[in-house]
Number of protein chains: 2
Amino acid sequence: MALHYDEIVRTGLSKQVADLIRAAILEGRLQVDERLPSEDELSRRFGISRPTVREALKVLAAQNLIRSRRGPTGGTFVNRPDLDAAGRAIAEASTLLVGVGTFGVDEIVTARIETEAICCRLAAANRSDEDLARLEAEIVIQRDEGLTDEAFCASDVRFHRAIVTASGNGPLRLMMHTVIESFIPVTNMLIFGEHERRRSVGSHARVLEAIAARDAERAAQEIRGHLEGMRAVLIQALDRRASRAVAGAAEGGETE
Amino acid sequence: MALHYDEIVRTGLSKQVADLIRAAILEGRLQVDERLPSEDELSRRFGISRPTVREALKVLAAQNLIRSRRGPTGGTFVNRPDLDAAGRAIAEASTLLVGVGTFGVDEIVTARIETEAICCRLAAANRSDEDLARLEAEIVIQRDEGLTDEAFCASDVRFHRAIVTASGNGPLRLMMHTVIESFIPVTNMLIFGEHERRRSVGSHARVLEAIAARDAERAAQEIRGHLEGMRAVLIQALDRRASRAVAGAAEGGETE
DNA sequence: ATTCTTTTAATTGTCAAACCTTTTTCATTT
DNA sequence: AAATGAAAAAGGTTTGACAATTAAAAGAAT
């Protein structure tokens with residue numbers, strides 16, 4: 001008789017259970033905010049122990065699919081997918097990749113230029129007065145000479161985030177989490193300094209002006225110019241760093 | 001005396017441990033492929049029980065940060081972040097959002113148009129002969145009239161994926177997972193049919209031709225035209241569906 | 001000496017049963 | 001009527017054990 005290899009379980013029980021419940025949620029067999037059976041009940045239904053059930057639930061909770069609360073009205077509930085949670089997950093995944101140096105600075109800047117140019121174009125078309133106010137407010141902050149580098153960078157991130165929001169395009173906003181939360185910070189880390197800050201604020205102001213005037217092409221051109229300038233500075237900074245490292249090595253100093 | 005409410009622990013133990021280990025990995029205090037202490041050891045070090053440690057590890061495993069193996073040389077190891085795993089995580093998060101109808105079809109198509117136009121431009125500049133062969137192969141598949149709708153859509157996804165790959169930009173490829181794995185499938189689901197298929201293949205062929213000729217602008221224009229055409233068909237399809245629903249309701253039929 | 005097999009030990013995976021903590025509900029007391 | 005407190009329900013945690021897996025060491029056969 002032919003053996004049914006399928007029946008040989010190769011994955012752990014907790015994973016199987018997690019997959020079953022996940023599938024039920026994704027296929028809509030479990031509605032949003034619906035309560036799952038208690039952990040005790042689940043362990044009885046699946047014929048496995050409670051700790052194993054809990055491992056499965058923890059995995060699903062880590063993926064923002066469910067939440068748990070204690071108490072008589074507590075239990076485990078299906079989460080409504082929301083943009084912020086998804087955005088955080090996306091940002092975490094890409095930050096991790098960027099952190100280990102998966103990408104070159106040059107291609108990161110290219111990706112920034114192209115995607116942010118889109119956002120500027122759409123923002124020029126769709127921006128509300130509120131959006132303008134948000135952008136304006138960040139520029140005011142950035143003009144403050146006494147700002148720390150960290151605070152300036154944070155404001156820079158908020159400025160670019162505000163552009164994305166002004167585009168009024170939800171799907172694009174979701175995608176741009178990668179740029180906003182990972183690519184911008186990694187490029188900003190390298191270009192501190194008074195001079196660059198002033199140049200940046202100038203570019204920001206021109207972008208805002210173009211968006212306010214609903215001039216899509218100019219807005220796109222301004223952000224392109226802004227980021228191309230940054231690319232040049234970045235490459236210079238990396239060159240300096242590289243030559244310093246070479247010089248240091250030549251002097252016999254170990255870099256680590 | 002003012003009470004220090006902060007010191008009251010509000011988060012669960014397993015979450016605290018997960019956060020600690022995650023921070024250690026993100027800050028590089030745990031290197032890639034480094035082995036963590038055994039679960040037993042961890043439970044002793046943190047002063048908590050093994051099941052609780054396991055819950056924490058499961059959460060990290062769900063985030064692709066670690067992997068576990070049994071046996072004498074087994075244990076828990078730090079994962080190297082890789083593009084595919086991150087891409088899958090991103091795709092999952094966005095698929096979930098798209099699935100519950102967070103976005104309108106119109107803004108999804110807009111996002112597709114703008115981002116895919118970028119990819120076409122870059123692909124025209126950077127494509128290799130290999131890239132061209134991959135695109136060509138998909139078009140050959142799509143010309144087969146006997147193809148099922150599912151197979152056609154799968155090939156369509158592969159075609160667009162190949163364009164992204166041809167762009168040669170890693171960061172962009174990461175971002176485009178959202179488009180490729182979520183936005184394309186959801187737009188394709190609605191436009192089956194012989195006529196649309198033939199139109200699509202025609203557009204694909206023209207895009208390929210422009211990319212092969214390294215004509216960035218033409219490639220971008222072709223994909224724009226392709227997707228704008230799809231937008232029109234989609235809106236028609238949705239209108240038909242809506243009016244059918246209204247008609248059905250008027251006849252006294254309950255839609256659910 | 002080499003190769004095959006068996007044993008062994010380390011480690012994750014699972015289980016069972018209890019206890020702890022939080023939170024709501026509801027009865028009791030003031 | 002309001003404050004208090006007990007009970008119950010649910011997730012959170014512990015303990016201690018056993019099962020399954022797997023690499024390496026030990027032993028047996030060639």
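Within every chain, numbering begins at 1; the chains are lettered A, B, ... in the order of the sequence lines, protein sequences first and strands thereafter.
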message = Quick check on contacts: within residues 37-47 of chain A, what sits under 4.0 Å from DNA chain D by heavy-atom distance?
response = A:S38, A:E39
[atom1] of [X] versus [atom2] of [N]: gap in Å, rounded?
X: A:R69; N: C:dT22; atom1: CZ; atom2: C1'; result: 11 Å
X: B:R70; N: C:dT11; atom1: CZ; atom2: P; result: 14 Å
X: B:Q16; N: D:dG12; atom1: CD; atom2: P; result: 13 Å
X: B:K15; N: D:dT13; atom1: NZ; atom2: P; result: 12 Å
X: B:L13; N: C:dT21; atom1: CG; atom2: C1'; result: 11 Å

Step-by-step salt bridge (Lys or Arg N to Asp or Glu O under 4.0 Å) determination, B:E55 to B:K15 = CA-CA 8 Å; B:E55 284 181 7; B:K15 184 168 187 331; over 6 Å; no
[X] atom [atom1]: more than 12 heavy-atom contacts under 6.0 Å:
X: A:R44; atom1: CZ; answer: yes
X: A:E130; atom1: CD; answer: no
X: B:E41; atom1: CD; answer: yes

Between atom [atom1] of [X] and atom [atom2] of [Y], what is the distance when rounded to the nearest 0.5 Å?
X: A:N79; Y: A:N64; atom1: CG; atom2: CG; answer: 6.5 Å
X: B:H160; Y: B:I184; atom1: NE2; atom2: CD1; answer: 5.0 Å
X: B:N126; Y: A:T110; atom1: CG; atom2: OG1; answer: 8.5 Å

ask   = Taking DNA chain C as the partner, which of residues 48-58 of chain B come within under 4.0 angstrom of it by heavy atom?
value = B:R50, B:R54
ask   = What nucleic acid atoms does B:R35 come within less than 4.0 Å of, heavy atoms only: base, sugar-phosphate, or nothing?
value = sugar-phosphate
request  = Side chain of A:T76 only, please: which of C:dT24, C:dA10, D:dG11 is the nearest?
outcome  = D:dG11
key: Options C:dT14, D:dT13, D:dG11, nucleotide nearest the side-chain atoms of B:S14   = D:dT13
inquiry  = Please tell me if B:S68 has a side-chain N or O lying less than 4.0 Å from either OP1 or OP2 of C:dT11.
reply    = no
key: Residues forming a side chain to side chain donor-acceptor pair (under 3.5 Å) with B:T76, sequence neighbours excluded   = B:S68
ask   = So, A:R127 and A:D129, do they make that salt bridge, N to O below 4.0 Å?
value = yes
